[in-house]
Amino acid sequence: MLLLSRLAENLFWIGRYVERAENTARLLNVNYYAGLEISGRAREYWTPLLELTGGEAQLRAKYGRLDARSVSSWMAFDRDNPSSIASSLAHARENARGLRDRLPSEMWESLNRSYLTLCFENVDVLDRDGLFEYCTAARDASQFFFGIAFATLPRDEGWSFMRAGQMLERGDNTLRVLQSRFKDADALAARGDPAGRALQDQRWVSTLKGASANEAYRKSVHTGITPMRVTDFLLLDEYFPRSARYSAMNLSEALEQIDRHHPGAHPEILRLSRWLVARLQYARVHDIIEKEDPGLETLVQDFNRVGAAITAAYFEEE
């Protein structure tokens, strides 16, 4: 019997929400400290981040300004922002609360502890210059949760749905970060001044650091940091856990594991996920960026199509 759709959906979204909290923490942490290292207008640092995560209009309506303090509060603690760290962890906990009899107790305890520790903080964190510690705690909480899941959760459909949600969220985030960076790079290049070039170089380093890819990149690529080489690594590397290709491969694997329980039940999902893997396996970075074939936007849409197909097949069935 297929895992009850409500339980499957909860596990899928636990994977997405916990991964989203980690991704937001990574972006916020790197962006905040990059802004401290290089002088410039606040808008130059924070607008690209808001374009990536959404919510600039809501932020301005609530805070009346766009600066390091308002954006940090919006992305870290604000429950009115559905993508904030606090909101993501709260949603993950709410989904897990109804599964306490089906989850290993350590997984629930980990998630509940993270909720109690992180979801009731406020701007006092900024007043005591504690944003780095807060974001690090959120990142570690995600890694701790998934580590416990890896060690304790049976490799049944529940595991596969949670893994699919995690990988779908991770791959989508990696692609959107790269989209934002190239859009931002075009704007900085148009300025044609040394400050713009320095900011562009710094942001590509930040992109690697935000994915915990700086050391892995330098071990793999020995010819310096350039936009195309960074993009090639974060898009197409077969072995780096946060690359888009690695995420697509693991997403497809999770969906194939679900299909093995019910052979042939939803072939369209497997077709879409395998097509995504094939795109990333055989694509060349110059074709993606310069020829836009398939292009970053197309790859984002491919991830979204897989997510929509999962929802339609497993969570909306009568």
Side-chain angles (χ1 to χ4, degrees), residues 8 11-20 22-24 26-27 52 142-143 146 149-150 155 157 159-182 207-208 210-213 216-217 220-221 228-260 266-289 291-315:
L11 287 161
F12 176 80
W13 279 103
I14 288 170
R16 292 204 71 164
Y17 281 130
V18 175
E19 180 67 24
R20 186 174 300 173
E22 178 179 346
N23 292 336
T24 302
R26 289 172 174 276
L27 290 169
L52 175 63
S142 169
Q143 294 177 340
F146 285 123
F150 185 85
R155 297 310 192 261
E157 289 174 88
W159 161 264
S160 298
F161 275 110
M162 189 185 72
R163 183 70 170 162
Q166 180 192 17
M167 291 296 105
L168 187 66
E169 186 73 24
R170 180 178 295 182
D172 178 81
N173 178 261
T174 297
L175 290 167
R176 291 183 186 276
V177 167
L178 291 171
Q179 272 188 309
S180 176
R181 284 293 174 257
F182 274 101
T207 300
L208 287 172
S212 293
Y217 173 88
S220 177
V221 181
M228 204 60 73
R229 293 189 186 105
V230 172
T231 302
D232 188 26
F233 185 78
L234 292 179
L235 267 183
L236 304 178
D237 191 88
E238 182 179 2
Y239 302 107
F240 182 64
R242 303 193 71 83
S243 76
R245 179 180 175 184
Y246 188 94
S247 299
M249 290 166 58
N250 279 264
L251 171 60
S252 183
E253 181 181 329
L255 295 174
E256 288 173 359
Q257 289 170 352
I258 295 170
D259 184 73
R260 280 197 286 271
H266 299 289
E268 179 65 9
I269 296 178
L270 296 184
R271 187 189 71 81
L272 290 172
S273 65
R274 288 166 179 167
W275 173 242
L276 175 57
V277 171
R279 279 188 185 274
L280 290 164
Q281 181 176 355
Y282 295 108
R284 295 182 298 181
V285 67
H286 290 280
D287 293 335
I288 295 173
I289 302 305
K291 298 181 182 179
E292 297 189 350
D293 180 23
L296 291 173
E297 180 61 32
T298 301
L299 293 171
V300 171
Q301 292 171 359
D302 285 345
F303 268 96
N304 289 338
R305 286 191 189 96
V306 176
I310 293 171
T311 298
Y314 294 113
F315 309 149

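Small disclaimer: the values here were computed from a predicted structure and weren't measured. Any value given below was found using the heavy atoms of this structure, including those in side chains, with hydrogens, waters and symmetry copies removed.
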Within a reach of under 6.0 Å around CH2 of Trp159, are more than 12 heavy atoms found that belong to other residues, nucleotides or ligands? yes
Are more than 12 heavy atoms from other residues, nucleotides or ligands located less than 6.0 Å from atom CD of Glu297? yes
Value rounded to 0.5 Å, distance of [atom1] in [X] from [atom2] in [Y]:
{"X": "Gln166", "Y": "Glu22", "atom1": "CD", "atom2": "CD", "answer": "8.0 Å"}
{"X": "His266", "Y": "Ile310", "atom1": "NE2", "atom2": "CD1", "answer": "11.0 Å"}
{"X": "Leu175", "Y": "Leu235", "atom1": "CG", "atom2": "CG", "answer": "6.0 Å"}

Keeping Arg170 on the side-chain end and Tyr246 on the backbone end, is there a donor-acceptor pair under 3.5 Å? no
side-chain hydrogen bond (donor to acceptor under 3.5 Å, both in side chains) evaluation trace for Arg181 with Thr231: CA-CA 10 Å; Arg181 284 293 174 257; Thr231 302; over 6 Å; no
How would you list, by chain and number, every residue that makes a ring pair (Phe, Tyr, Trp, His ring centres under 6.0 Å) with Phe12, sequence neighbours excluded? Phe315
Of the non-hydrogen atoms in [X] and [Y], which two are nearest, and what is the gap between them?
{"X": "Leu251", "Y": "Ala164", "result": "CD1-O, 3.6 Å"}
{"X": "Phe233", "Y": "Ser243", "result": "O-CB, 3.8 Å"}
{"X": "Asp237", "Y": "Ser220", "result": "OD1-OG, 4.4 Å"}
{"X": "Phe303", "Y": "Met167", "result": "CE2-O, 4.2 Å"}
{"X": "Thr207", "Y": "Leu234", "result": "CG2-CD1, 3.6 Å"}
{"X": "Asn250", "Y": "Arg163", "result": "OD1-NH2, 3.0 Å"}

Would Val300 and Leu296 count as a side chain to side chain contact (heavy atoms under 4.5 Å, CB included) if you check the C-alpha gap in whole Å, the side-chain angles of each, and the deciding distance to 0.1 Å? CA-CA 6 Å; Val300 171; Leu296 291 173; 5.5 Å; no
Less than 4.5 Å apart, side chain to side chain, heavy atoms only: is that true for Asn23 and Arg242? yes
Candidate pair Asp232 and Arg229, rule salt bridge (charged side-chain N to carboxylate O under 4.0 Å, His left out), full reasoning: CA-CA 5 Å; Asp232 188 26; Arg229 293 189 186 105; over 6 Å; no
Name all residues meeting the side chain to side chain donor-acceptor pair (under 3.5 Å) criterion together with Arg245; count only those two or more places apart in sequence or in a different chain, and write none if there are none. none
Residues in side-chain contact (heavy atoms from CB on, under 4.5 Å) contact with Glu256, at least two apart in sequence or another chain: Ser252, Arg260, Leu270, Arg274
For the pair Glu268 and Arg271, find out whether any cationic side-chain nitrogen is under 4.0 Å from an anionic carboxylate oxygen. yes
